[in-house]
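Following: one structure in C-alpha cells, then a few remarks.
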Amino acid sequence: KKHYDLLPPNYQPTTPSALSRRLLHKSGVGYLDAALPLLLSSLSDRFLATVLVQAMACRDRRLEGRKAVLKERRKRKRHRRRVLRERKE
C-alpha cells in the first residue's frame, strides 16, 4: 500500500496540494513520488494547527491575567476604602 492510500478517502488538506506542488516546483525541488505534495500539505496543516492551538492558549492566559489584575485592583480599592473609613472613625 502507498502512504497516500492510508489517508481517509475524504481528506482535504487546508493547504491545497496544487499550492504545494507549485511551491515545490518554484523552489526547484524535483520529486518522483506523487504523494509528496499531499504530504507537504498535511505537514502544513499540522503546523497551522499547532500555531492555532498555541495562539489560543496564549490568548486564554492573557485573558486570565487580565482578570487577575482587575480582581487585585478591586481588592486594593476595597481595602483602601476600608482603611479610610477606619481613619475617619
Side-chain angles (χ1 to χ4, degrees):
K1 259 188 167 182
K2 296 187 178 186
H3 37 270
Y4 57 84
D5 290 336
L6 300 175
L7 292 171
N10 60 352
Y11 176 72
Q12 289 294 323
T14 305
T15 308
S17 295
L19 177 61
S20 297
R21 280 193 301 275
R22 179 178 166 83
L23 289 171
L24 287 169
H25 177 71
K26 287 281 191 183
S27 300
V29 176
Y31 56 91
L32 299 175
D33 193 350
L36 187 62
L38 183 60
L39 178 63
L40 185 61
S41 294
S42 301
L43 290 172
S44 63
D45 281 356
R46 176 70 179 161
F47 173 74
L48 290 173
T50 302
V51 169
L52 179 63
V53 165
Q54 289 177 353
M56 289 188 324
C58 185
R59 180 206 59 199
D60 292 344
R61 271 183 267 146
R62 190 174 59 244
L63 291 175
E64 287 173 12
R66 176 76 177 145
K67 287 178 187 176
V69 166
L70 292 174
K71 184 177 178 180
E72 186 63 32
R73 190 179 295 164
R74 284 191 301 269
K75 187 177 172 182
R76 275 189 264 128
K77 197 174 184 178
R78 281 193 304 264
H79 177 71
R80 178 182 285 168
R81 274 191 247 140
R82 189 176 28 178
V83 167
L84 290 175
R85 246 185 286 137
E86 288 174 0
R87 285 183 186 170
K88 286 180 181 181
E89 294 176 356

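Only a predicted model underlies this, so the values are computations on that prediction, with no experimental measurement involved. Starting from 1, each residue takes its place in the sequence as its number.
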Checklist entry - Going only through I, L, V, M, F, W and Y residues with side-chain contacts under 4.5 Å, is there a path from L19 to L39? => result no
d(R21 CZ, K26 NZ) to nearest 0.5 Å is 15.0 Å
Heavy atoms, side chains only, cut-off 4.5 Å: are K71 and K67 in contact? no
- Please check if L36 and L23 belong to a single hydrophobic cluster, counting links between Ile, Leu, Val, Met, Phe, Trp and Tyr side chain heavy atoms closer than 4.5 Å. no
Heavy atoms of S20 and S41 approach each other most closely as OG-OG, 2.7 Å
When R87, R80, R81 are each screened for side-chain contact (heavy atoms from CB on, under 4.5 Å) with V83, the one that passes is R87
Self-check item: From CA spacing to verdict: side chain to side chain contact (heavy atoms under 4.5 Å, CB included), K77, R74
Solution: CA-CA 5 Å; K77 197 174 184 178; R74 284 191 301 269; 5.5 Å; no
| task | Classify the side-chain pair R82/H79 by whether it contains a donor and acceptor separated by less than 3.5 Å. | result | yes
Rounded to the nearest 0.5 angstrom, the CG-CG distance for L43 and L48 is 11.0 Å
